[in-house]
Number of protein chains: 2
Amino acid sequence: MNIGEASKQSGLPPKTIRYYEDRGLIAPPARAENGYRDYNDTDVHKLRFVRHSRGLGFSVDECSQLLSLYEDKGRQSADVKVIAQKHLTEIDEKIRELQELRSTLHHLVNTCQGDGRPDCPILEGLANPS
Amino acid sequence: MNIGEASKQSGLPPKTIRYYEDRGLIAPPARAENGYRDYNDTDVHKLRFVRHSRGLGFSVDECSQLLSLYEDKGRQSADVKVIAQKHLTEIDEKIRELQELRSTLHHLVNTCQGDGRPDCPILEGLANPS
DNA sequence: CTTGCCCTTCTAGTCACTGGAAGCTTATAT
DNA sequence: ATATAAGCTTCCAGTGACTAGAAGGGCAAG
């Protein structure tokens, strides 16, 4: 199947599929006689795996590791868990940062009248943060 | 004062200060006789303003707008509030996405034994998400 | 005088794509 | 049969917000 069909079935844009090939994430597929990439169901399956992994915020490198483990029938689930756990910790950290930031910003927005006058606690807060 | 001192007082790396100048965020400062950038307290004050704005996650373009409003004594606080409110909405959205993602990942991590066996619900979940 | 740090500019790399150009091949419509 | 459109190929460049590094000049202390 051509890259367009693989794109439809995997949910990844053709550009992204080629990019993943360049990055070494997905092995180069077979080529048809006309030079077009020729994907099979296994290729598509892996592309979907990568899409879901990326969707959960794993980096492309992490996806590469996960995909290797997925294909390694002798893997240890502990190796997978380490990667996932590390990522989970990073997400938790990111959420905490965003919530703190949100709290500060929310406070600033709430104290600003938002009218035609120039007095603005938001700008004051940015200039002289507490 | 040289860029190094402005860096210390503003909390921004010299490279970043030059980058902001390139981006048109901060007007080019005076130059000393030796060609070095020569910052004054007002410059540093603006740099600090930008640092705090960026710290709250405003984009460089948004920082540019906020800084213009900060310097415009005839501004309307409503203009500021619109920018901040929009950013707040984006942060809320980002937090929601991350929390959903976290929930899925947390579930996967929790159901994985993480031992020497190859069976791994994380990989299964990535291959066949529900 | 030389060592070492600070300053200058410019280029290029990061991450994960995405857009576009130029040139094939294939499918569809007339 | 032909015109056109869509799909494929490669390669180059741009995104955001820096950051690293190279090559060169300035300046104070030992």
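Just so it is clear, the structure is predicted and the values come from calculations on it, not from any experiment. By convention in this document, chain letters (A, B, ...) are assigned in the order of the sequence lines, proteins followed by strands, and residues within each chain are numbered from 1.
Considering all non-hydrogen atoms of both residues, Pro29(A) and Glu21(A) come closest at CD-OE1, 3.5 Å. Considering all non-hydrogen atoms of both residues, Ser10(B) and Leu47(B) come closest at CB-CB, 3.6 Å. Minimum interatomic distance between Leu101(B) and Leu56(A) (heavy atoms only, all atoms of both residues): CD2-O, 3.1 Å. Annotation for Asp41(B) and Met1(B): closest pair OD1-CE, 3.8 Å, computed over non-hydrogen atoms. Considering all non-hydrogen atoms of both residues, Leu98(A) and Leu98(B) come closest at CD1-CD1, 3.7 Å. Closest approach of Gly11(A) and Arg51(A) over heavy atoms only: O-CD, 3.5 Å.
In this structure, Asp22(A) places its CG atom 12 Å from C1' of dA16(C), rounding to the nearest Å. Atoms CG (Leu56(A)) and C1' (dA16(C)) sit 17 Å apart, rounded to a whole Å. Counting to the nearest Å, the P atom of dC8(D) and the CD atom of Glu21(A) are 14 Å from each other. Rounding to whole angstrom units, CZ of residue Arg18(B) and P of dT8(C) are separated by 5 Å. Here the C1' atom of nucleotide dC5(C) and the CD atom of Glu5(B) are 15 Å apart, to the nearest Å. Going from atom CD1 of Ile17(A) over to atom P of dC8(D) covers 10 Å, rounded to whole Å. Straight-line distance from the CZ atom of Arg31(A) to the P atom of dC8(D): 12 Å, rounded to whole Å. As rounded to whole Å, 15 Å separates atom C1' of dT25(C) from atom CD1 of Ile3(A).
Put simply, CG on Leu25(B) and CZ on Arg54(B) are 9.5 Å apart, with the number rounded to the nearest 0.5 Å. Distance check, rounded to the nearest 0.5 Å: CG of Asn2(A) to CG of Asn34(A) gives 7.0 Å. Glu90(A) contributes atom CD, which lies 11.0 Å from atom NZ of Lys94(A) (distance to the nearest 0.5 angstrom). The distance from the CZ atom of Phe49(B) to the CG atom of Leu66(B) is 5.5 Å, given to the nearest 0.5 Å. With values rounded to the nearest 0.5 angstrom, Arg31(A) atom CZ is found 10.0 Å from Asp38(A) atom CG.
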Table please: side-chain donor-acceptor pairs of residues 119-130 of chain B below 3.5 Å, with sequence neighbours left out.
none

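Contact annotation: Arg37(B) side-chain N/O to dT8(C) OP1/OP2 distance is under 4.0 Å. The phosphate of dT8(C) (OP1 or OP2) has no side-chain N or O of Asn34(B) nearer than 4.0 angstrom.
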Practice task
Give the intermediate values and the outcome of salt bridge (Lys or Arg N to Asp or Glu O under 4.0 Å) for residues Lys81(A) and Asp115(B).
Solution key: CA-CA 9 Å; Lys81(A) 191 163 181 171; Asp115(B) 54 23; over 6 Å; no
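Of the residues in residues 39-47 of chain B, not one comes within less than 4.0 Å of DNA chain C through any heavy atom.
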Practice task
Scan nucleotides 16-25 of chain D nucleotide by nucleotide, 5' to 3', and note B when protein non-hydrogen atoms come under 4.0 Å of the base, S if they reach only the sugar-phosphate, - if neither.
Solution key: -BBSBB---B
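For residues 71-99 of chain B, the set of pairs meeting the ring-ring contact (aromatic ring centres under 6.0 Å, His included) definition, not counting sequence neighbours, comprises Phe58(B)-His87(B).
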Distances for protein N or O near nucleotides 28-30 of chain D N or O, under 3.5 Å:
none

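Bending across the helix from dC1(C)-dG30(D) to dT30(C)-dA1(D), expressed as the angle between its end axes from five pairs apiece, amounts to 20° (10° rounding).
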